[in-house]
Amino acid sequence: MILRIEDTDSTRFVSGAEQYIVDTFQWLGIDFDEGVHIPNEQGVLYRQSERKAIYKQYADALIESGKAYYAFDTPEELEVKRSEIPNFQYDATVRMQMKNSLTLSEEEVKNRMDKGEPYVVRMLIQAGEDVTVSDLICGEVVVNSSVLDDKVLWKSADQLPTYHLANIVDDYLMEISHVIRGSEWLPSAPLHVLLYRYLGWENEMPQFAHLPLLLKPEGNGKLSKRDGDRLGFPVFPLEWKDPHSGEISTGFREKGYFPQALINFLALLGWNPGTEQEMFSLSELVEIFSLERVSKSGAKFDFEKAKWLNHKYLQMKSNDELTDKFMDLLKEKQISAERLFVEKIVELIKERASFIEDLWEASAFFFLRPESYDEGVVKKRWKEDTPLHLTEIAQILQSVFPFQAKEAHTQVMKYIADKELNTGQIMNCLRLSLVGGAKGPDLFTIISLLGVKETVERIKIAIDTIKK
RNA sequence: GGUCAGUUCGUCUAGUGGUUAGGACUCAAGGUUUUCAUCCUUGCAACAGGGGUUCGAUUCCCCUACUGACUACCA
């Protein structure tokens with residue numbers, strides 16, 4: 001696998017974009033054999049902007065063999081044509097009315113070029129010929145060459161080819177076996193087939209596979225970079241800051257997605273193994289993925305399912321790894337805690353989390369005393385005699401020494417039974433005082449983690465705060 | 001407008017000329033839990049429409065509708 005940078009549009013250069021791509025693949029754990037970021041002894045260049053001389057050769061060769069020609073039409077002139085002729089297309093029907101080496105004398109052409117007048121090299125497409133693209137996903141797609149236009153292959157302005165030429169030349173030179181790209185490329189695939197033919201490389205032509213598009217979660221249409229933050233989910237793998245606008249787009253990584261989960265989710269968008277398995281490691285995917293099982297229709301992002309998948313992956317992580325990550329998060333929140341303590345908490349609450357961030361949501365009460373008490377629970381459970389019972393229970397808890405969750409549980413239950421109290425009511429009030437709401441893991445485990453001293457303290461605060 | 005492609009539960013999808021059209025996410029109900037979540041069980045829910053071909057079409061063919069991509073000196 002090769003990482004090649006297709007930066008043939010000098011006007012659209014974005015600094016940092018290349019590094020971003022490298023970083024993304026690194027984060028995902030996808031390695032390349034060759035590429036712009038991997039040193040090579042042969043000195044092969046992997047940025048198309050650095051391979052200018054190579055493409056020029058082939059553009060010249062195409063001119064030489066009459067498969068391409070020079071064109072001098074200015075953007076303004078083309079614009080005029082477009083407005084004059086409905087459905088204007090630079091093809092066999094109009095090329096003889098344009099300013100190019102087919103209509104201009106040889107001398108005139110030479111003259112213009114000597115003067116340094118900007119020009120482009122256009123591909124000469126014969127009308128009325130059926131061109132077949134064999135696609136691993138779409139099958140045979142036949143397009144008549146009459147609907148193709150004389151694509152620009154090379155522009156003198158920046159001495160660079162367009163995607164079409166650069167792509168074919170590089171794929172040939174780099175012996176690329178498979179061209180797998182979005183289906184937005186399907187319409188220009190016949191053009192590429194023709195180009196291979198023109199260059200005499202048809203036998204070495206790579207296999208094509210046009211992937212279905214990723215659609216917006218709401219409505220229809222191709223998922224675009226801007227959809228993400230508008231609808232509150234990431235589209236970028238990593239956070240991206242646009243160097244021109246300064247606009248920041250959130251990334252899957254920053255949202256807490258695990259790279260494996262993202263890869264797994266993406267793989268299932270448009271592909272399935274034909275079995276009921278839906279969790280795959282990267283190496284499993286490498287093993288069983290096949291283009292033949294890719295569907296042709298576009299797929300919408302389902303963030304609920306992506307979240308669920310991330311939950312599954314989080315459950316598979318070791319407590320050790322999760323603790324590392326959670327410790328980082330705690331540090332950000334300016335909370336210091338013993339690693340051993342944090343690890344116990346992680347073990348206790350990991351099943352409630354889909355993202356590392358959720359660990360905080362589910363365990364914040366371990367680190368911070370409740371700032372408020374859930375009103376619904378207070379209303380439903382907190383009775384006049386509650387403070388009295390909680391005070392008694394606090395004493396019972398203190399009497400269990402050394403503290404053991406099981407023993408404490410037994411004794412508290414006994415107290416409730418003796419006084420003929422409502423278990424749910426007392427327990428929830430106790431929980432309310434410690435946690436601030438009716439949620440969280442086993443109460444006595446919480447108490448043992450919190451410590452009896454802190455527990456008693458919280459009970460007192462709750463009694464003082466919650467007054468009816 | 002033109003060219004090409006697509007259309008199975010809300011979403012991702014499996015599938016076949018004869019199936020109770022399967023799974024997953026979501027949602028709902030129940031169970032577990034003193035709570036919440038997890039978890040378990042059950043349930044809701046689909047072959048775009050119309051013509052053919054056929055004993056029989058979701059499956060094959062045609063048409064229509066809808067959707068999408070492309071239609072740059074961008075990739």
Side-chain angles (χ1 to χ4, degrees), chain A residues 6-12 48 71 73-75 78-79 82 86-90 118-122 133 135 137-139 141-144 146-149 151-158 160-164 166-167 181-190 210 212-213 215 217 219-222 265 268-279 293 295-309 311 315 349-354 358 361-362 374 377 380-381 409 412-413 416 422-432 435 437-444:
Chain A
E6 312 211 313
D7 55 348
T8 54
D9 185 355
S10 49
T11 64
R12 292 206 308 168
Q48 292 185 330
D73 316 274
T74 64
L78 289 171
E79 206 41 61
R82 274 190 197 102
N87 302 327
F88 171 83
Q89 181 172 273
Y90 206 118
Y119 65 92
V120 295
V121 172
R122 277 183 189 273
V133 178
D135 188 285
I137 294 167
C138 308
V141 179
V142 183
V143 171
N144 194 283
S146 298
V147 305
L148 267 24
D149 64 336
K151 276 273 177 291
V152 170
L153 298 178
W154 194 87
K155 48 227 155 71
S156 71
D158 51 11
L160 277 168
T162 58
Y163 170 84
H164 306 291
N167 188 256
R181 62 220 326 182
S183 70
E184 70 265 33
W185 285 107
L186 195 53
S188 51
H210 288 91
L213 258 17
L215 274 19
N220 296 303
K222 181 165 74 161
F265 177 66
L268 253 14
L269 239 36
W271 172 86
N272 80 86
T275 66
E276 234 127 76
Q277 186 182 354
E278 49 187 355
M279 301 220 9
R293 286 200 65 87
S295 63
K296 299 182 189 181
S297 47
K300 288 183 190 178
F301 254 94
D302 180 354
F303 283 86
E304 281 302 328
K305 187 145 186 180
K307 185 179 157 187
W308 170 81
L309 206 51
H311 175 262
Q315 303 317 311
I349 58 160
K350 67 188 274 193
E351 65 184 18
R352 326 167 83 89
S354 294
D358 297 342
E361 183 70 26
D374 188 297
V377 181
K380 190 175 169 197
R381 309 282 198 182
H409 182 242
V412 170
M413 290 309 280
I416 290 170
N422 178 316
T423 312
Q425 189 216 317
I426 292 298
M427 292 298 224
N428 277 298
C429 286
L430 181 54
R431 177 180 293 278
L432 185 70
V435 176
K439 57 180 174 128
D442 177 69
L443 197 42
F444 294 91

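Owing to the predicted nature of the structure, the values given are computational and were not obtained by experimental measurement. So that the names make sense, note that chain A is the first sequence line, chain B the second, and so on, each numbered from 1.
Using C1' as the reference atom, B:C44 and B:A24 are 16 Å apart when rounded to the nearest Å. One C1' atom belongs to B:G50, the other to B:A65, and the distance between them is 10 Å to the nearest Å. For the P atoms, the distance from B:U58 to B:C47 is 10 Å, rounded to whole Å. Comparing B:U59 with B:G15, their P atoms sit 16 Å apart, to the nearest whole Å. Separation of the P atoms belonging to B:U8 and B:A14 is 10 Å when rounded to the nearest angstrom. Comparing the P positions of B:A21 and B:C25 gives a spacing of 22 Å, expressed to the nearest Å. Atom C1' of B:G18 sits at a distance of 37 Å from the matching atom of B:G30, rounded to the whole Å. Comparing the P positions of B:C63 and B:G2 gives a spacing of 15 Å, expressed to the nearest Å.
The aromatic rings of A:His164 and A:Trp185 sit perpendicular to each other, their planes meeting at more than 60°, with 30° as the lower class boundary. Using the six-membered ring where Trp is involved, A:Tyr90 and A:Phe88 have ring planes that are perpendicular, over 60° apart on the 30 and 60° scheme. Between A:Phe444 and A:His409, the angle of the ring planes goes over 60°, which puts this pair in the perpendicular group of the 30/60° scheme.
Closest contact between the side chain of A:Glu351 and the listed nucleotides B:A5, B:U71, B:U38 involves B:U38. Among the nucleotides B:U7, B:G15, B:U3, the one closest to the side chain of A:Val143 is B:U3. Of all nucleotides listed (B:A69, B:C25, B:A14), B:A14 comes nearest to the side chain of A:Arg293. Candidate nucleotides B:C73, B:A24, B:C4 were compared by shortest atom distance to the side chain of A:Trp308, and B:A24 ranks first. You'll find that the side chain of A:Lys296 is closest to B:A5, out of B:C25, B:A5, B:A75. Comparing B:U71, B:C12, B:A75 by their closest approach to the side chain of A:Ala299 singles out B:C12. Between B:G23, B:U71, B:U35, one nucleotide has an atom nearer to the side chain of A:Lys305 than all others, and that is B:G23. Checking B:A69, B:A24, B:C73 against every side-chain atom of A:Glu278, the shortest atom distance belongs to B:A24. Among B:G22, B:G6, B:U11, the nucleotide with an atom closest to any side-chain atom of A:Lys300 is B:U11. The nucleotide whose nearest atom lies closest to any side-chain atom of A:Val141 is, among B:C74, B:C4, B:U26, B:C4.
Looking only at distances, no side-chain donor or acceptor of A:Asn167 sits under 3.5 Å from a matching main-chain atom of A:Tyr163.
With a 3.5 Å ceiling on both atom-pair distances, B:G17 lacks any Watson-Crick or G-U wobble partner. Using Watson-Crick or G-U wobble geometry with both donor-acceptor distances under 3.5 Å, B:C74 finds no partner in any strand shown. Base pairing analysis places B:C4 opposite B:G68; the two distances defining the Watson-Crick or G-U wobble pair are each below 3.5 Å. Pairing for B:A28 goes to B:U42, judged as Watson-Crick or G-U wobble with the two contacts each under 3.5 Å.
Evaluation of atom-type donor-acceptor distances gives no pair under 3.5 Å for the side chain of A:Lys222 against the base of B:A69.
One interatomic measurement links the two molecules: OH of A:Tyr90 to P of B:A72, which rounds to 14 Å at whole-angstrom precision. The distance between atom CG of A:Asp135 and atom P of B:C4, rounded to the nearest whole Å, is 16 Å.
At a threshold of 4.0 angstrom between heavy atoms, the contacts of A:His311 are confined to the sugar-phosphate backbone, with no base atom among them. Among the atoms of the strands shown, none is found under 4.0 Å from any heavy atom of A:Pro190. If you check every strand for non-hydrogen atoms under 4.0 Å, A:Asp73 touches a base. A:Leu443 comes within contact range of at least one nucleobase, with a heavy-atom separation under 4.0 Å. Using a 4.0 Å heavy-atom distance criterion, A:Ala157 is classed as making no nucleic acid contact. A:Val120 comes within 4.0 angstrom of a base, heavy atoms only. Base engagement by A:Asp442 is indicated by at least one non-hydrogen atom pair under 4.0 Å involving a base atom. Counting any heavy atom pair closer than 4.0 Å across all strands shown, A:Arg82 reaches sugar-phosphate atoms only and no base atom. Heavy atoms of A:Val435 sit nowhere under 4.0 angstrom from any nucleic acid atom. Nucleic acid contact for A:Gly270: sugar-phosphate only, since backbone atoms but no base atoms lie under 4.0 Å from a heavy atom of the residue. As judged by a 4.0 angstrom heavy-atom cut-off over every strand, A:Thr11 is placed among residues making no nucleic acid contact. Using a 4.0 Å heavy-atom criterion, one finds that A:Gly424 contacts the sugar-phosphate atoms exclusively. Residue contacts for A:Arg381: at a heavy-atom cut-off of 4.0 Å it reaches no nucleic acid atom on any strand shown. The residue A:Trp185 sits close to a base: some heavy atom pair falls under 4.0 Å.
The minimum heavy-atom distance between A:Lys350 and A:Gln315, with the atom names listed, is O-NE2, 3.0 Å. Residues A:Val147 and A:Gln89 share a closest heavy-atom pair of O-OE1, 3.0 Å. When every heavy atom of A:Pro212 is checked against every heavy atom of A:Ser297, the shortest pair comes out as CB-O, 3.1 Å.
Put simply, A:Arg122 has a side-chain N or O that comes within less than 4.0 Å of OP1 or OP2 on B:C73. At least one side-chain nitrogen or oxygen of A:Thr8 sits closer than 4.0 Å to the OP1 or OP2 atom of B:A75. The side chain of A:Asn272 contributes an N or O atom lying less than 4.0 Å from OP1 or OP2 of B:A14.
Dense packing is recorded around NZ of A:Lys155, with more than 12 heavy atoms of other residues, nucleotides or ligands lying under 6.0 Å away.
Between A:Arg12 and A:Asp9, at least one side-chain N (NZ, or NE/NH1/NH2) sits under 4.0 Å from a carboxylate O, which counts as a salt bridge.
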